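Structure record follows, encoded as structure tokens.
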Amino acid sequence: MQHWQIYKKWNEKFFHECYAAYKAGRAAMDPSVNWYKGEIGFFDFYVIPLAKKLDSCGVFGVSSHEYLNYATANRDEWIREGESLVQEYLSMYKNFDK
């Protein structure tokens with residue numbers, strides 16, 4: 001529920017954390033395998049429904065509708081760019097030790 005650039009920044013950081021855990025043997029599955037589809041599910045089943053509830057109850061005033069707009073726009077952007085971003089993440093962190 002933030003601007004695309006902020007979402008992308010934190011998505012990359014979380015991917016790096018999960019991928020580093022996988023490479024270190026602390027996670028059983030390579031996160032890159034399902035990262036793209038997992039993010040779509042995260043938007044569809046958590047972020048967007050939450051943003052809709054916040055919008056309908058108006059808890060954040062006019063910002064509530066803004067959060068919903070960001071959530072749906074970020075999902076759309078992820079659909080367009082997500083697969084290439086995952087590949088970019090992999091190329092950046094494939095040989096990263098930390």
Side-chain angles (χ1 to χ4, degrees):
M1 294 189 298
Q2 64 240 349
H3 294 280
W4 170 248
Q5 294 302 323
I6 302 297
Y7 164 77
K8 199 165 78 165
K9 171 186 171 182
W10 289 105
N11 185 268
E12 178 191 332
K13 289 179 181 295
F14 186 46
F15 177 88
H16 177 220
E17 182 179 330
C18 293
Y19 193 70
Y22 166 70
K23 288 193 68 170
R26 295 188 317 272
M29 196 170 137
D30 179 350
S32 68
V33 173
N34 292 315
W35 198 265
Y36 173 74
K37 288 183 182 179
E39 285 299 293
I40 295 169
F42 183 60
F43 278 114
D44 289 347
F45 299 109
Y46 185 75
V47 175
I48 293 173
L50 175 60
K52 285 180 179 178
K53 287 178 186 174
L54 292 173
D55 189 34
S56 69
C57 73
V59 69
F60 293 116
V62 294
S63 295
S64 298
H65 189 68
E66 201 173 296
Y67 297 150
L68 177 56
N69 288 341
Y70 288 145
T72 55
N74 286 350
R75 183 197 185 279
D76 293 343
E77 196 73 30
W78 183 258
I79 295 290
R80 282 190 297 277
E81 292 187 34
E83 289 177 307
S84 62
L85 285 173
V86 172
Q87 292 308 308
E88 185 179 315
Y89 297 165
L90 271 175
S91 68
M92 287 189 314
Y93 297 118
K94 197 174 205 175
N95 298 315
F96 197 80
D97 290 334
K98 292 183 181 181

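Computed from heavy atoms alone, side chains included, the values below leave out hydrogens, waters and symmetry copies. Computed from a prediction, not measured in an experiment: that's the story for all the values here.
Applying the side chain to side chain donor-acceptor pair (under 3.5 Å) rule to Tyr67 yields no partners; only residues at least two apart in sequence or on another chain are considered. Residues passing the ring pair (Phe, Tyr, Trp, His ring centres under 6.0 Å) test with Phe15 are Tyr19, Trp35, Tyr89, sequence neighbours excluded.
Between the SG atom of Cys18 and the CG atom of Asp30 there is a distance of 10.5 Å, given to the nearest 0.5 Å. Interatomic distance, NZ of Lys37 versus CD of Glu83, reported as 8.5 Å (0.5 Å rounding). For the atom pair CH2 (Trp10) and CD (Glu17), the distance works out to 10.0 Å, reported to the nearest 0.5 Å. Atoms CG and CG, on Asn69 and Asn74 in that order, are 10.5 Å from each other to the nearest 0.5 Å.
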Step by step, would you call Asp76 with Phe43 a side chain to side chain contact (heavy atoms under 4.5 Å, CB included)? CA-CA 10 Å; Asp76 293 343; Phe43 278 114; over 6 Å; no
Could you walk me through whether Asn11 and Leu85 pass the side chain to side chain contact (heavy atoms under 4.5 Å, CB included) test, one step at a time? CA-CA 10 Å; Asn11 185 268; Leu85 285 173; 6.0 Å; no
Dump the intermediate steps for side chain to side chain contact (heavy atoms under 4.5 Å, CB included) on Glu81 and Trp4, then the final yes or no. CA-CA 11 Å; Glu81 292 187 34; Trp4 170 248; 4.0 Å; yes
For Glu12 and Tyr7: C-alpha separation, side-chain torsions, deciding distance, then whether side chain to side chain donor-acceptor pair (under 3.5 Å) applies. CA-CA 9 Å; Glu12 178 191 332; Tyr7 164 77; over 6 Å; no
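Residues Val33 and Ile40 do not share a hydrophobic cluster, defined by chaining ILVMFWY side chains whose heavy atoms lie under 4.5 Å apart.
Across all non-hydrogen atoms, the minimal contact from Tyr93 to His16 is CD2-CD2, 3.2 Å.
Not a single donor-acceptor pair under 3.5 Å links the side chain of Trp78 to the backbone N or O of Glu39.
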For residues 48-59, please give each side-chain donor-acceptor pair under 3.5 Å, one per line with the distance, not counting sequence neighbours.
from  : atom 1 : to    : atom 2 : distance (Å)
Asp55 : OD1    : His65 : N      : 3.4
Asp55 : OD2    : His65 : ND1    : 3.3
Ser56 : OG     : Lys52 : O      : 3.4
Ser56 : OG     : Lys53 : O      : 3.0

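Partner of Tyr70 under the side chain to side chain contact (heavy atoms under 4.5 Å, CB included) criterion, out of Arg75, Gln2, His3: His3 alone.
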